[in-house]
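Below: one structure, written as structure tokens.
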Amino acid sequence: EAGPWTMTLTYDQSLGDIDMFVLDVPNNRPVKDEAGNDVGNPLLHALVWMTQHHGRARSAESLCAGLTGGGPLSPDQALRLMREAGYSAGLARKKIEDVNPLLLPAVMLLNGGDAFVLVRRLDPAQPGGEYQFEVVFPGADANVCTASATELEAEYSVFLMLLTLP
């Protein structure tokens, strides 16, 4: 089965050299962990974390006020919510090694409908070694961990949600 993120629109020239796309989740199916348990809405949790990081904290409820329908947010819905909250928001198609550290933190969209926050790139432990990244799995626990580019590539959908304040 293909991953849940599907491209429905293409490049937006108004945003410069970043390839911008609109994605959607077919059938708005819930995200499950390896044991099949519903993990809620990881993309929404990532957006809440980003609002806290940018000093304009918003709850999940306030971000979703007026949103119709149920189930996890699609990336397209997330972009609209963040724009309504006053952020410049877009999706970029980037390989992990091509992500400019100045764009971080950003929300990484993962295969299987999951999402987390890519916080920063760390220098390799050894000269010529692989970059490491600090990532946050938002939610009640907001777990922070370090992962290598190789570890992230295995799950990364190549779509990154960029959020900035104007």
Side-chain angles (χ1 to χ4, degrees), residues 1-9 18-54 57-64 67 69-83 85 87 89-101 103-122 130-164:
E1 175 181 306
W5 311 116
T6 57
M7 184 169 37
T8 57
L9 294 178
I18 298 174
D19 294 332
M20 304 302 287
F21 299 88
V22 176
L23 304 178
D24 208 349
V25 180
N27 303 322
N28 210 16
R29 62 182 180 241
V31 178
K32 306 280 184 180
D33 66 12
E34 292 176 359
N37 301 313
D38 186 358
V39 295
N41 198 331
L43 181 52
L44 180 58
H45 294 304
L47 299 180
V48 169
W49 188 94
M50 292 289 286
T51 65
Q52 293 168 350
H53 170 80
H54 285 291
R58 298 278 301 268
S59 68
E61 293 78 18
S62 71
L63 284 174
C64 292
L67 185 66
L73 284 181
S74 71
D76 188 43
Q77 289 172 317
L79 290 173
R80 280 188 306 235
L81 292 179
M82 293 311 288
R83 288 175 183 146
Y87 289 80
L91 291 174
R93 184 178 182 153
K94 297 269 186 199
K95 293 181 181 178
I96 290 176
E97 62 269 11
D98 295 337
V99 174
N100 185 327
L103 297 175
L104 301 178
V107 178
M108 288 187 77
L109 303 179
L110 306 179
N111 297 322
D114 206 352
F116 64 78
V117 179
L118 185 64
V119 179
R120 64 187 176 120
R121 184 172 76 184
L122 307 169
E130 185 175 28
Y131 283 109
Q132 299 287 309
F133 293 87
E134 182 178 301
V135 299
V136 174
F137 291 90
D141 298 332
N143 295 317
V144 179
C145 69
T146 302
S148 70
T150 301
E151 292 169 322
L152 295 176
E153 286 287 348
E155 296 296 322
Y156 179 44
S157 71
V158 304
F159 291 101
L160 189 70
M161 184 173 293
L162 306 173
L163 305 168
T164 61

| field | L103 CG to M161 CE distance, which is reported to the nearest 0.5 Å | value | 14.0 Å
| request: Report the residues that fulfil ring pair (Phe, Tyr, Trp, His ring centres under 6.0 Å) with F137, sequence neighbours left out, ordered by chain and then residue number. | output: F116
| With a 4.5 Å heavy-atom cut-off, do V117 and M50 have their side chains touching? | yes
| task | Would you sort out whether T146 and V135 count as a side-chain contact (heavy atoms from CB on, under 4.5 Å), showing the intermediate values? | result | CA-CA 6 Å; T146 302; V135 299; over 6 Å; no
| remark: Of all heavy-atom pairs linking P42 and G113, the shortest is CG-O, 4.0 Å
| field | Step-by-step side-chain contact (heavy atoms from CB on, under 4.5 Å) determination, L81 to L73 | value | CA-CA 10 Å; L81 292 179; L73 284 181; 3.7 Å; yes
| message | For L79, run the side chain to side chain contact (heavy atoms under 4.5 Å, CB included) check against R83, M82, Q77 and tell me which one passes. | response | R83
| task | For the pair L160 and V107, evaluate side-chain contact (heavy atoms from CB on, under 4.5 Å) and give the outcome as yes or no after the intermediate values. | result | CA-CA 6 Å; L160 189 70; V107 178; over 6 Å; no
| query | Hey, what do you get for CG (L104) to CG (L118), rounding to the nearest 0.5 Å? | reply | 5.0 Å
| request: Any chance you could measure L63, atom CG, to R58, atom CZ, to the nearest 0.5 Å? | output: 5.0 Å
| note | Rounded to the nearest 0.5 angstrom, the OG-CG distance for S157 and L109 is 5.0 Å
| request: Start with the C-alpha distance between H54 and Y87, add both sets of side-chain angles, then the distance that settles side-chain contact (heavy atoms from CB on, under 4.5 Å), and finish with yes or no. | output: CA-CA 10 Å; H54 285 291; Y87 289 80; 3.8 Å; yes
| Got a sec, which residues hit side chain to side chain donor-acceptor pair (under 3.5 Å) with R121, two or more places apart in sequence or on another chain? | none
| query | Just how far is it from atom CD of E130 to atom OG1 of T150, taken to the nearest 0.5 Å? | reply | 3.0 Å
| message | Let me confirm one number: the CG-CZ distance from L122 to F133, rounded to the nearest 0.5 Å. | response | 8.5 Å
| query | Nearest heavy-atom pair of A154 and N111: which atoms, and what distance? | reply | O-ND2, 4.0 Å
| query | Who pairs with Y131 by ring pair (Phe, Tyr, Trp, His ring centres under 6.0 Å), at least two apart in sequence or on another chain? | reply | none
| How close do A106 and L162 get, heavy atom to heavy atom, and via which atoms? | CB-CD2, 3.8 Å
| query | Do the non-hydrogen side-chain atoms of L47 and L163 ever get within less than 4.5 Å of each other? | reply | yes
| task | Output all residues satisfying side chain to side chain donor-acceptor pair (under 3.5 Å) with Q52, sequence neighbours left out; order by chain, then residue number. | result | none
| Centres of the H53 and W49 rings: under 6.0 Å? | yes
| note | side chain to side chain donor-acceptor pair (under 3.5 Å) filter on E153, not counting sequence neighbours, yields none
| note | For T164, the side chain to side chain donor-acceptor pair (under 3.5 Å) test, sequence neighbours excluded, returns none
| field | Side-chain heavy-atom pair C64, L44 within 4.5 angstrom cut-off | value | yes
| Donor-acceptor contact below 3.5 Å, side chain Y156 vs main chain K94 | yes
